[in-house]
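To start, the structure itself, in structure tokens.
Note on naming: letters A, B, ... go to the chains in the order of the sequence lines (proteins, then strands), and numbering restarts at 1 for each one.
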Amino acid sequence: MSNWDCSRLVATLLALILSSLISSPLRAEAAQSTATSLSGQANQSTANSPSSPPPGSIYEDHESLSLERSHLLMLPPMVLEKTDLPTSPFIREHIRLTWRPLDSVDLYIAIPRGVSKPPVILYLYSYPETTGRFQNDSWTLNAISRGYASVGFVSFLTADRIPTSRLASEWFISDLQESLVTTVHDVQMILNYLASRGDLDMDRVGMFGVGSGGTIGILASAVDPRIKAIEVFNPWGDWQNWLAKSTAVPKERRVNFLTPKFLENVAPLDPIQMLPKVKAQNVCIQNVRSDSSVPVESQEKIEARAPDVVEILQFGDYDALISVQTAAGVFDWLKQALQPEKEYKVETDKSKHVHFYPAIGKKFDAVSARP
Amino acid sequence: MKNCKLLAVCFALAIALLTASASYGQTVLIGVGSSALWPSVGLSAITGDPITGSGAICGSNFWTGGSSSASSIAVGVDSRTGFGIHNEPGTIWVAWDNDTAPTKVCAFLNVDSVVGSRLFLEQGAGSSGNGSLSISQAATYTLGINKVAFAQDNTSCAASTGATSFNVSLSLVSGTTLQATVFGGGNFSNYFANGAVVTVTGSAVSADNVSGVKISGVTQLSPLSFTYSGGAGAASDSSGSALVTVTPNCPGLPVAVLNALSASPHFTVGFTDIRPEDGVFAYHRANDLGGFPSDPTTGNMDYAGKGILSSYSNAVAYPVNFNLTGSDPLTGTAIPPVVVQSVGAEPVVVIVNNNDTTACGTGSTAFGNVTADALSRAYAGLAGATQDLDPSLNSSVSGCPKPLWPVEREPLSGTYNTFEWQVVRPDNNRGQAQENYNISYPQSNNNASACGAWVSALTSTAATSFPPSVAPPLHFDANNCGNPLNIQTANYTSLSTTAGPYGGYGGNRTRAIGTGEMVGVINSGAGTANSIGYAFYSLGTFGGKTGVKYVTLDGVDPLYSVYSSNPNGIAGTVAPSCTGFVNKGTFSCGAGVQPNFNGVVTGNYRVWEPLHAIYTGSAISTCAAPYTAVTIGCLIQAAQDQAANNVKDFVPVQTCGTSIGSCTVTNNFFFFRSHYQNAGPAPHDGNQPPPGSSCIGSVPLEAGGDMAGAIYPKQTDWTLQNNVGCTAELTNQFQ
């Protein structure tokens, strides 16, 4: 190892350690200063040979969903909190994982008490939702019911997961390509970590995603076969329409995201493109037509691109949804899909894969509502 | 060089302007809208927050005036000139911190909900902005009239000056009205303001001598003359022997305060019972033949370009178009983004006159409940006797049955629309409405041939307008009957029980404009003792109204835990014996006297509506310590805390909690009405989650209508948010 390689490795590790261990604001300043040099070196490396970064360096390829072209280094996990009350049906851990500078991923892992090597479900809700629910007992009880471990986290550039080096103008959608790819990388790194624990059944891994989390679930499943089942609610996608019409995009900022360059960058990350490549054996898409965060035409396009075996549940509104599965029952499909093969059978008749539940709510229309 | 000089001048001017602004920082905040929040916001402006202990937000000076009459001293002016839009009169309160150099000035013009929403949202051509407040100069020489209940008008009397006694010449103007001028010439002091109290002595004409009468006709500070009412036989007396003595007073709104309001007259916040989306719908429903969305059952309201009149006064309401988003429908000017914030929930209380205590009179002690369906039929013109309300009023004693007299509000009021969509015309009963649809009623006003006989047969009544006599009945030209509200009686034999399902009892239906008029009419039993009405509850509105009693609806009490244990002695009497003034520290109510809104906070009562504030922006206005900034957020926060602790007019959506001296924003109301798409964007319930949720800051702000929405616990949406995601919600559900 040359002196140059050695010093770069030390700098990299120092940046990682600083970013994960030093508390703010010292952390911010120190890490930022170290990261500047790191960033310069990484860029230099990328410019020289993007496909083959120098061995041992921290490198992340945002052009590729797979980790194969990236090199992320996982530091030892930090257990920030562990709740293990004898009367509680679950043991919950708050763990901080770090594998890239200036960023760490907080996992909330709940393991059902008394269950050996439970199957595990990753929960990723939409930008900009926070980790609050993962610390909520009622949510956790629902998630671990029937003997499943739950792993909750948030995506890159979401909630408090925003590197201090980032400008206020840089947010999840403005950096959509990076946000999606980085979080897909996170999913793979999280699976690596979970596998290393040895207390979970990694042959039965599912992922539950909502909104942007649903999109990431689809993308992750396209590159990581360890995810055996995914259940996604209102996944974002069909980017041009979505960026033009979704209520998740502030009106005044839309114009920035409808440029050819922006659309070109995110096109490969569109569920419409990636759904046919999903490796999970069981996939369920649940769309709620009344939810304006995903325009109806985008919902329909995504559904149309789903392979035949994908189960599609279309709800006119949320009242229709809870009339079918209750708010607390939305994880049930995934848990059922992760049952041993003998207990869960994929329906092979395509016509039976699509279920439509009309809206229960009415329009404010005195004419049609008249007796 | 010339350009250089110009630049220097501009620079100097800019510096001068900036300096002037900095040396005389003046914040003016003007609200407009419904009476439901009018008193609470007034109290919060002048007394601060009872929980945080912060001082008065707008200063401790207070003046009230105006009326719903076209001659009101204060009016709202629609900025869209050239469209023939009438000014909107209303009562007003003004609060300020300093008489001569005010730095904080707040005001609130009380008009209908829909009118308030319109005046706030409408946009004039070009840069002329939204609606504005216009206060007559007469406000500076007109005494305040203590219009906000439990708040005492309070001015520091800077304009009070001069002598209190003058020898006068008296001239009879008309009837017993005398005009006084200073004997020998000159002007009176500033103490002589409209509403000032005088005593006249020494006149050779004894009828000219009076004691404790209020004067009027003052047209300036230090007036040259004023008028007052003498006794019978009053006559001119120019001898100069008459001596007038005025009770010293603060003459009116300080000139500097009036100037501040005149310099920044645009409304900065609207207050409304119903959401503005519902307000836009209400406008179209009242105005158009087709309605918006289409609504054939009310298609013939057709008040387009016509006033909606009161049966009891000169009050009038005009439907005028406006939008919530996009561009103004008249000028095309873009409407800025607005936030519509829920402030608190207030029940609409069903009230009856208490005077007739006979077996079939609404004052009967046996009568204390009505079902929503029975009420709906009464207001839809399908029931005309008291016995139709409740079996307890069905009696065979002499004099029974008795006619029922429903009094309704104007279709532009939030109260009318709340009552309409939550009682008269709920989801399962959409064919009925208050304004019309009484075509199934035999010989109703839709029967043109019967109208003449019907009108002439009406009994003498305190309701002066059958049809309204204060303006031509232009708006009822379809049948020329004048008033489509009246349930026709003339073709029935009095007390006949066989002339039709509801005929023969003489029931009528009339309209009151404004909450005050509605409650006043029911309280007095104007026209009939057996009148029934509805109004948003407030302590000021109902306090002292001994002729009014409320009834439970479907067995649910909106105000107290147990109807029969109403602390006011008589079950259903809503006259809490509270006294004093909040801003003087003398407000007092016995324990348990004020309502706990049991039916509302339990979700069981069906007629309530969140009171809303509308203001420009894209985020809810908050209030930071020390909680005294003249901002909408601080006014709302203080009003919520007032309602929780002093004058309990509504159930605050949230309060500052219970820790005195600071504010820990705490949820205080746990039900909501499902929102639906009406006029404007897609609906959102806007139920912001409790602390610790993943969805804080991620739940879409409220949007859409809600006056017809079904009632759900907020937990319903919170559970959905927690499990399915922050955009999950129960919308488009109707009551």
Please classify the contact between [X] and chain B as side chain, backbone, both or neither, with a heavy-atom cut-off of under 4.5 Å.
| X | value |
| --- | --- |
| Thr131(A) | backbone |
| Phe331(A) | side chain |
| Ile360(A) | both |

Residue pairs, two or more places apart or on separate chains, that pass salt bridge (Lys or Arg N to Asp or Glu O under 4.0 Å) and touch residues 128-138 of chain A: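 Every pair satisfying salt bridge (Lys or Arg N to Asp or Glu O under 4.0 Å) with a residue in residues 128-138 of chain A: Arg92(A)-Asp137(A), Glu129(A)-Arg133(A).
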
Parallel, tilted or perpendicular: which fits the ring planes of [X] and [Y], with parallel below 30° and perpendicular above 60°?
| X | Y | value |
| --- | --- | --- |
| Tyr676(B) | Phe734(B) | tilted |
| Phe233(A) | Phe208(A) | tilted |
| Trp139(A) | Tyr125(A) | perpendicular |

For Pro128(A), all residues meeting side chain to side chain contact (heavy atoms under 4.5 Å, CB included), sequence neighbours excluded: Ser698(B)

Anything in residues 699-706 of chain B with a heavy-atom distance to chain A below 4.5 Å? Please list those residues in order. none

Tell me whether Asp685(B) is salt-bridged to Lys714(B), with the criterion being a basic N under 4.0 Å from an acidic carboxylate O.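 Salt bridge absent between Asp685(B) and Lys714(B).
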
Hey, are Glu609(B) and Arg673(B) close enough for a salt bridge, meaning a charged N less than 4.0 Å from a carboxylate O?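 Here Glu609(B) pairs with Arg673(B) in a salt bridge, since their nearest N and O are under 4.0 Å apart.
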
Do you know which of Cys695(B), Gly697(B), Gly725(B) has the most heavy-atom pairs with chain A at a distance under 4.5 angstrom? Gly725(B)

May I ask you to name which of Thr716(B), Leu720(B), Ile696(B) has the most heavy-atom pairs under 4.5 Å with chain A?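 Highest number of pairs under 4.5 Å: Leu720(B).
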
Applying side chain to side chain donor-acceptor pair (under 3.5 Å), name anything that partners Ser292(A), two or more places apart in sequence or on another chain. Thr247(A)

Counting only non-hydrogen atoms closer than 4.5 Å, does Thr727(B) touch chain A with its backbone (N, CA, C, O), its side chain (CB onward), both, or neither? both

Measure from the ring center of Phe153(A) to the ring center of Phe134(A) and say whether it is less than 6.0 Å. no

Counting heavy-atom pairs under 4.5 angstrom with chain B, the leader among Val330(A), Val210(A), Asp319(A), Asn142(A) is Asp319(A)

